[in-house]
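Computation of the quantities below employed the complete heavy-atom set of this structure, encompassing side-chain atoms and omitting hydrogens, waters and symmetry-equivalent molecules.
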Amino acid sequence: MVGADIESAGLHVSECIGRDVAAQVDLEEALETSRYSSHPYSSHPKEWPPLFEVVNKLELPPVLIERYNVSGGEGTALCGIFPEIRRAWASVDNSMFLWRFDKWDGQCPEYSVVEQAICAVGLVKTKPGIFIEAIQYLLVLATPVELELIGVCCSGGGDGIDPYGELSLQPLPEYTLPSDGVTMTCITCTEKGDIFLAGRDGHIYQMLCTTGSGWHKRCRKICLTAGMSSLLSRWVLPNAFKFGAVDPIVDMIVDNERHILYARTEEMKLRVYDLGIDGDGPLKRIAEERNFLDPRDAQYGGRRSIGSRTSSRVAKPSVVFMAPLSTMESKWLHLVAVLSDGRRLYFSTSNAAGGNSGSVGALNGLSSVHQRPCCLKIVATRPSPPLGVGGGLTFGSLSMAGRSQTEDLSLKVEASYYSAGTLLLSDSSPAAMSSLVVMNRDSSSQSSHLGGIGMGARSSRALQEIVSSLPIEGRMLSVADVLPSLDVVSIVQSLYSDKELGEYGGTGGSCEKVLVKLWAKGDLPTQHILPRRKIVVFSTMGMMEVVFNRPVDILRRLFESNGPRSLLEDFFNHFGAGEAAAMCLMLAAKLVHVEENLISNTSLEKAAEAFEDPRLVGMPQLEGTRALSSTRTPPGSFSMGQVVQEAEPVFSGAHEGLCLCTSRLLFPIWELPIMIIKGEVSSETQSRDGVIVCRLSVVAMQVLEAKIRSLEQFIRSRKSQKRGLYGYVAGLGDIAGAVLYGNDSDIGVGEQTMYRNLYGSYARNTGLVDGGKSSYKRQRLPYTPAELAAMEVMSMDCLRRLLRRSSEALFLLQLLSQHHVARLIQSLDIELRQQLIQLTFHQFVCSEEGDQLAMRLIAGLMEFYIGLDGRGTVDDISLKLREGCPSYFNDSDYKYFLAVECLERAASSVDLEAKENLARDAFNILAKIPNTADLSAICKRFEDLRFYEAVVRLPLQKAQAFDSTGDALNEQIDARRRQDALAQRQQCYEIIVNALRSLKGEGASSARFTAAGSVLDQASRDSYICQIVQLCVQWPDKDFHEYLYRSMIGMGLENELLEYGGSDLVPFLQAAGCEPVQEVHAGTAPRSMASLTAHSEGSVHSNTVKYLGLLARYYVLKRQHILAAQILLRLAEKHSSEGHNPTLEQRCQYLSNAVVQAKSASYSSTVNSSVANCNEWLDVLESKLSVLRFQMKIKEELEAMASRLEGSSNMNDTSSSDPFPQGSLAADVDLTRTTKNKAKELSLDLKGITQLYNDYAVPFELWEICLEMLNFANYSGDADSSFVRETWARLLDQALSRGGIAEACAVFKRVGSHLYPGDGACLPLDTLCLQLEKAALERSVSGVELVGDEDVARALLAACKGAAEPILNIYNQLLSNGSIFPSPSLRLRLLRSVLVILREWAMSELAHKMGTTGAGASLVLGGTLTQRAVINQGVRDKMAKAVNRYMTEVHRLSLPQSQTDDVYQGFKELEEKLLASSSFALS
């Protein structure tokens, strides 16, 4: 976990880096600002150690002097320096000499060309693939007749330490070509290996070298600046006939950063050529400039240079030197030219106006690099440095003392050199001896002063230069920078190449380019990493090596000199407390690169004391208040007229110095990615296909880590020694908290003690013994000095922790690089690799994302050791990680990977017992570190081993450790905090659930195979599921149990859940059902139907239907039938407005199951009272089930009705003959819509029987269902049952209208059979019989329908389920009431029906006696069988008596005999059979 302190310190470092970069002023802005400055130059304080010093002098080689003397001083002599190979060179006529300029090794090899004198020399780095690898450089020699290349091979000496110890020259005769009569004046080369030559004919040539094949030459020369006419004149016309003056080029330089070539001619013309955006394009001449006057000088009245000058000018100044400017110095200035009078001209090749908008840094100058030159114009002029007293300056021996009044006081520059802000002039104006004038930028003007206390603060952005001089014997011929050693160069190039050049991908520029850019930044930002800068001066008297002292070197010399304290105070005032404290910190922590360990222990101790001295670095205070740390402000002074500012804490110079050191150490890596892709970019896809490697080299990371650790250890040592403000306050421990939060009395005592210990006698003399408390109370400021001190110490301690974390990050990256980080990264997925490529060092150190990626990389590293093909054990690498980066790899991580190692061994073991023991060992180790990382991966390993105890226990332990305070279940805390805690818990729970999914076969990696690879059978999977559930239930975490139960239900593991669920399963299912079920046991009956209905109609959410169903299943499984019936009843009566809407069929099934459970409860109960209560529950449920069936029946009828209406309306649309059908069609549509709506209403919720009757059955004339509901409700609303009779009448009328007597009889049979026997209220047989007989007679007489004589009678018998006697009684009543049936025809119809009923009665009696069916009895009664059967004597007499009476009734009818004869004969035949002997004769 990354702490908030490190995150805060990281942000502060980013701010410091930004301010440090902003302090870098563009040279153009600095020059423009200095135009208005009266003193752009200053001198180095005489009391301080020198700014530069000569460290080595060498005479010229004797062989060179001898050869020069032999030529009499009249031959052709050239000289120069090749810093790339640590050699100086000189040529005399046709011989060239090379020797070491930094030390004399006795070697000065000579190389001679054929006869002709050498006229130009150059050195170029070889292009790859052309020459053998041993040839690293090419020496280019030009004579008037030919051009020759010589291979240069450098190798180590006998000790192998010095890479330039041995040098050999290898002639390359195949790379020699004629000069074609052109004498070359100079040679310049690019860092890519291109060779450009300038000829005396004014043209520029290029030598091209190839490997050569066939007829192609290996070396050829081409002219880049001449057209066809020039080529013809060169070859056709001899030189004597060429007309026109030629202005030969005498000097050329190449800007390798912008790919521009500059040339200077003999007539002092400057030309600019474009080499293309990448330096590979054709040479293109852009512009030429010969006027060396700055147009802005005339605008401002022709300001003269500072210092006294004579008015006479003997000659026009000439250009003696020119050099390109790096983008670090300026985005808009590209070239500087030094004139012979000491002035400098700054040129630009762009028409774009200068930015003048602040800093120039790594990325700010990128646009100017890709901008191509379009002109050459003077942008700024720098006057020559002042001389003599008139300028207020004296520079060593360079003074007015030795000059006469008539002598010209201007500089007479005969040679010059410029590089990265440093200018050297060879002044030949003194009569006695030449002097070397050195000008470099004043480092104090670059101080960023990050909110410092104002000691020596400089707000000017003008270019301030320090001028010094050094006597030199002879004339200066050449100067060059001496590059540091190769190991330093490689480190610097690895650290800064990408940052300074703005290039990503690890393809930084050459070491020279990087060093020039760093030198251009100045000493302050780079003196912790770069050694002292050295130059070598080649004069006519020998070689002189000059070293420049950095500000930190001057400070070291001051400590070593034991000078007065005022010198140290002046140094702090000059550079500012923050910068000076940073330099003290560099010395004390040994951060400075010092040759030969020049820092003594005394200097280290003095630097530490100065860093801790509050009189030098000050004390934290509030901005806008008087400076308590100022040694120049007397205590008690009062300043008037100051603007009252808002009080803001401003920390001391020590804090600022630590910020500067930290930010400058981390600057080259802070905001750059830690990894890069080493490979080529695809132009089509703009993607990189290559290998991911660390951006920095291992050596560079080692050096940077050592410096960061050294700084952190020094700060930590102050704490242990209680040195300085940081050490004293931080060493107080808990007392430091009292400084911030104690009471007034404690604070007062603590402050006095703190100030007395820090300041000593100084505190007493300045009145600070009271800690400034009275002053702060008087001003009513928000912080006391003690509180400010504690705040500063806390900030410094955060920076110290950041330093430690950064050093550990570098150590980890080194370790990864040493183990082939590319191979480790290949194990990551594409998304993680992309994140890693984009991850900056800042994020790697200060973010959770960086911490997680670090753990993934460490995991890959550990896999390298403990995998199946591992190279060792955990202990082999873990010790390095724990010692080198404990914040990334601590003891918990060690135990984690130790457990992983056990699991790897278990996976490879074939012994089952050993496998289980290893898995248990791993589990025991991991149980001690519940907060271990990547638990999902480790649990997957346990799954493969089928060790599910760890799969369950480890995530649960981690969840408990994550939320030890129970925030996830605490509703009183902040909602976001609670959600975060809950999310962390559920992340752990999901690991267990995924294991269940895997066993169930639903996961991404289904656990269908054992560790040995065989298929896992279903029984084993069920057993493992049972084991996991039982382990989970044992864990006392209610929140986890709920998560588990829901997940199991979602996976379809309901059976396992119901079987193995814990004691909290029922409360969970009840809570999921939104309302707990009232527990009604077998011995407790519901108080009333209303109470049960009110209870069961509670709100049930749609997602809880499954939970309630499971609860019902659970009660069934536990034989709690009444509770199961309750749940089923709730499901059946679920409201449709609650989401999921069950169908009526599903509701019917719920109620049917509830009835079954109620019956089961009744059967299983043994107590009489319990049986009665269960029966009451059963009656309630059966009643609800019956009402639901009525509702289903009504819904079906309405749907059928709507379907019929739709069909009839469609037929009417196509075949209606009504000329005005719109009204009827509209009515049908409305009725259809109403019917559908009502049917839909019935499908939503359960309705009461009253609502069904009044709102649905009656309005839609569903009389049959109405009668059934009236019968179910035991309707007895009126004494004569007129309501029921009316309903029956409507039903029969409806049936008659639909299908006549046949339909009416069918309806009567169907409905009557449901209502019979009942109490007779719902089945008025007399009324129904009369209505049917009348309808039958009317329809028969009218001829509407052919009605049979037996239809009504048989319908009555079917409705009464074959009971003939009750029907016969009904007919007797009707026949005996003459007033009801005055019509003879109707009476005859009734008598026919009576005959049918009597026959059926006789047959049923006979069938009963015979034990056969009615069909068999009819055969007997017909006399077709030879059997005898006897009817009960009483029944026979009763039937015979009735037959006799009905025969009489037939005789009484006033109808023709023809109509009554058949009826009479029927009765008579029946009577004969009944009155015969005691048995029927069957023949």
Side-chain angles (χ1 to χ4, degrees), residues 1264 1267-1268 1270-1272 1274-1276 1278-1285 1287-1289 1291-1292 1301 1304-1336 1348-1378 1380-1381 1386-1387 1389-1409 1413-1414 1417-1418 1421 1431-1446 1449 1463 1466-1467 1470-1471 1474:
E1264 180 179 344
L1267 289 172
E1268 292 178 1
L1270 290 173
N1271 180 68
F1272 170 77
N1274 295 323
Y1275 177 77
S1276 58
D1278 49 354
D1280 55 356
S1281 300
S1282 61
F1283 187 77
V1284 175
R1285 296 175 186 273
T1287 304
W1288 268 109
L1291 174 61
L1292 294 179
I1301 290 298
C1305 291
V1307 169
F1308 182 71
K1309 291 179 185 179
R1310 183 173 62 250
V1311 178
S1313 61
H1314 293 160
L1315 305 183
Y1316 185 83
D1319 57 359
C1322 291
L1323 187 63
L1325 292 176
D1326 54 346
T1327 304
L1328 299 177
C1329 177
L1330 179 60
Q1331 184 176 358
L1332 287 174
E1333 292 291 359
K1334 283 183 177 181
D1349 294 337
E1350 299 181 358
D1351 290 349
V1352 175
R1354 294 193 178 279
L1356 289 170
L1357 286 172
C1360 294
K1361 301 177 181 178
E1365 190 172 3
I1367 301 173
L1368 193 61
N1369 293 333
I1370 294 299
Y1371 275 98
N1372 287 334
Q1373 294 176 10
L1374 296 175
L1375 291 172
S1376 61
N1377 192 346
I1380 299 177
F1381 296 103
L1386 180 58
R1387 295 179 69 85
R1389 170 128 193 115
L1390 292 176
L1391 290 172
R1392 290 181 185 274
S1393 298
V1394 169
L1395 178 59
V1396 173
I1397 293 171
L1398 287 173
R1399 285 177 177 173
E1400 291 296 326
W1401 188 10
M1403 285 188 292
S1404 64
E1405 288 295 330
L1406 184 61
H1408 177 71
K1409 287 295 183 178
T1413 63
S1418 64
L1421 192 60
I1431 302 177
N1432 183 277
Q1433 182 65 33
V1435 174
R1436 186 189 62 181
D1437 293 343
K1438 189 175 183 179
M1439 286 190 291
K1441 186 177 180 180
V1443 169
N1444 186 26
R1445 186 174 64 252
Y1446 292 131
E1449 287 292 333
V1463 178
F1467 279 115
L1470 180 59
E1471 181 185 24
L1474 290 173

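Shown here for Ala1353 and Ser1393, the closest heavy-atom pair between the two residues is CB-O, 3.7 Å. When all heavy atoms of Pro1324 and Cys1322 are compared, the pair lying nearest together is CD-C, 3.6 Å. Of all the heavy atoms in Tyr1316 and Ala1363, the pair that sits closest is OH-CB, 3.6 Å. Residues Val1311 and Leu1291 share a closest heavy-atom pair of CG2-CD2, 4.0 Å. Cys1360 approaches Leu1325 most closely through the heavy-atom pair SG-CD1, 3.6 Å. Closest of all the heavy-atom pairs between Asn1444 and Glu1471 is CB-OE2, 3.9 Å.
Every pair passing salt bridge (Lys or Arg N to Asp or Glu O under 4.0 Å) that includes a residue from residues 1437-1446 is listed here, sequence neighbours excluded: Glu1365-Lys1438.
Judged as a side-chain hydrogen bond (donor to acceptor under 3.5 Å, both in side chains), and not counting sequence neighbours, the contacts of Arg1310 are Glu1264. For Asn1369, there are no side-chain hydrogen bond (donor to acceptor under 3.5 Å, both in side chains) partners, not counting sequence neighbours. By the salt bridge (charged side-chain N to carboxylate O under 4.0 Å, His left out) test, Glu1449 pairs with Arg1387, Arg1452, sequence neighbours left out. Under the side-chain hydrogen bond (donor to acceptor under 3.5 Å, both in side chains) criterion, Gln1331 pairs with Asp1293, not counting sequence neighbours. Judged as a ring pair (Phe, Tyr, Trp, His ring centres under 6.0 Å), and not counting sequence neighbours, Tyr1371 has no contacts.
For the pair Phe1308 and Val1352, the minimum side-chain heavy-atom distance is 4.5 Å or more. Taking the side chain as every heavy atom from C-beta outward, Ile1370 and Leu1356 never approach each other to under 4.5 Å. Side-chain contact between Phe1467 and Leu1398 is present, with at least one heavy-atom pair separated by less than 4.5 Å.
Distance check, rounded to the nearest 0.5 Å: CG of Leu1375 to CG of Leu1390 gives 5.0 Å. Atom CD of residue Glu1333 and atom CG of residue Asp1351 lie 9.5 Å apart, to the nearest 0.5 angstrom. Atom CG of Leu1292 and atom CH2 of Trp1288 lie 6.5 Å apart (nearest 0.5 Å).
Checked against Asp1349 for a salt bridge (Lys or Arg N to Asp or Glu O under 4.0 Å), the options Arg1399, Arg1389, Arg1354 give a single hit: Arg1389.
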For this session: I would like to know whether Ile1367 and Trp1401 meet side chain to side chain contact (heavy atoms under 4.5 Å, CB included); could you show each step before the answer?
Result: CA-CA 10 Å; Ile1367 301 173; Trp1401 188 10; over 6 Å; no
